[in-house]
Amino acid sequence: MTMPLMRPPRKNPVLRTRQMNLPPWARGRVALGMTAAAAEGRFELQVCQECSTVQYPPRAACHHCLSARLAWRAQDGAGELLSETTLHHSNDLFFRERLPWRLGFVRLDAGPTVMVHVHGDVGATPQRVRVGARLDRAGQAVLIAFPKEGSTNMADDPMLREMGCDPKFRKVLVTDGKTPVGQAIVRAVVAAGADLVWVGHAEPWKNYGGLDDITALPQVALVPLDLSDSRSIVEQAGSIGGKVDIVINNAEVHRAHGIASRRGTDVARSEMDINYFGLLRLAQAFGPALKGRSADGTTSATAWVNLLSIYALSNFPAQGTYSASKAAAHSLAQCLRAEMTPAGIRVINVYPGPVDDEWNQNMPPPKLSPQALAKAIVQALKEGVEDVYPGDVAQEWLQRWRDNPKVLERELSMNRGA
């Protein structure tokens, strides 16, 4: 049974800061299909379209009939643990610092036998288990055998914490606390057990509703942070950058209208200045410190969260310049992920549909509540996924975009006034 994680002691500043060593990360192109599914929280295996064989490990052709018509399909993960062992020695630099480590073989009900990491709550063989896919610290998919029934402290298993970014006992920076979304995120990470939450406040002379409520929480501290001001960001990075474990960048400027309905470029510049350049400034200031602490102690620096928009995938003409700024941020976030992955920092991109706030007042339901969005962000941190599409609208848009991006573009252009 997993013991609850205890609050770690304060670090001795004399001790060295442990640097991240990644687990084996080399994968063939075919195997990246499993990683792509795990990045969104799904466990998928190849299924032959000719003979319906489910196969593992991934291959370019079916091992039963040699057909190349293979599709990735979600699996329920039910199976039986056939054997397991506990490593007490390893020549691999990543694992030797995290021993003991359990490994095993599971025969899935779907057919194949898979090699898995074994959760600490799984008993001795033979044992019914549930296999799930998670991203490891190198950003590649690995399989984990979970107990058939969950337990109270299941998330505190040391091996599972290596695969996730649980806010419990970690220090979090939320870049904008003046919005309902920002305040909901603060409450959600506090409820998840965050040790300290710094909340950015770009205009401290303004009295925004709800700020008094969140600052009354003992874990919360307001800090002056303006993503349009490099000096403000650098000052905060010098003050708290070496302590932050999770950055949640929710600051944004959101305005309606497209190109012809507004004269000049002032609003578009403002959107780009926060939504794109703000992320760039923040990454340049806080990124190096975050990367340097990714293996430091029990509650190491672990994640960077970007609040983007489903409009980043395909422009929504009714909010055209906002969509363009989010598309730019989406591209920049992919660059940030590529630079953070070698340090073991998970970059999580969140693509919500319309949120129930002042900028979407005239949009009909369904709209995502700030509380639901905050819950999705915390769940993504706990599960260590990379891409999150919360809400019915985001899920529908994503499916249509994957089916045919050009058709989605045409559909949106015909509803530009929606």
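The residues of the chain are indexed from 1 along the displayed sequence.
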Just by distance, with hydrogens left out, do [X] and [Y] show a side-chain donor and acceptor under 3.5 Å apart?
X	Y	value
Thr35	Gln140	yes
Ser369	Asp356	no
Asn306	Trp304	yes
Asn249	Thr175	yes
Tyr322	His257	no

Which pairs with one or both residues in residues 19-66 pass ring pair (Phe, Tyr, Trp, His ring centres under 6.0 Å), sequence neighbours excluded?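 Sorted result for residues 19-66: empty, none.
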SB check Asp296 Arg18 (cutoff 4.0 Å): no
Are any of the side-chain nitrogens in Arg281 or Asp229 under 4.0 Å away from the carboxylate oxygens of its partner? no
Lys178 vs Asp176, salt bridge (Lys or Arg N to Asp or Glu O under 4.0 Å): CA-CA, chis, key distance, verdict: CA-CA 6 Å; Lys178 68 179 183 290; Asp176 187 5; 3.1 Å; yes
Could you tell me how the ring of Phe316 sits relative to the ring of Tyr311: parallel (under 30°), tilted (30 to 60°) or perpendicular (over 60°)? tilted
Quick one: are Val172 and Val244 in side-chain contact, heavy atoms under 4.5 Å?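 No, their side chains stay 4.5 Å or more apart.
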Donor-acceptor pairs under 3.5 angstrom involving side-chain atoms of residues 384-397: please list them, not counting sequence neighbours.
residue: Asp387; atom: OD1; partner: Arg337; partner atom: NH2; Å: 3.2
residue: Gln395; atom: NE2; partner: Tyr389; partner atom: O; Å: 2.7
residue: Glu396; atom: OE2; partner: Arg400; partner atom: NH1; Å: 3.2

Testing Arg255, His254, Lys326 one by one against Gln319 for a side chain to side chain donor-acceptor pair (under 3.5 Å), which residue passes?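 By the side chain to side chain donor-acceptor pair (under 3.5 Å) criterion, Gln319 pairs with just one of Arg255, His254, Lys326: His254.
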Set of side-chain hydrogen bond (donor to acceptor under 3.5 Å, both in side chains) partners for Ser90, sequence neighbours left out: none
When you look at CD of Glu149, are more than 12 heavy atoms from neighbouring residues, nucleotides or ligands closer to it than 6.0 Å? no
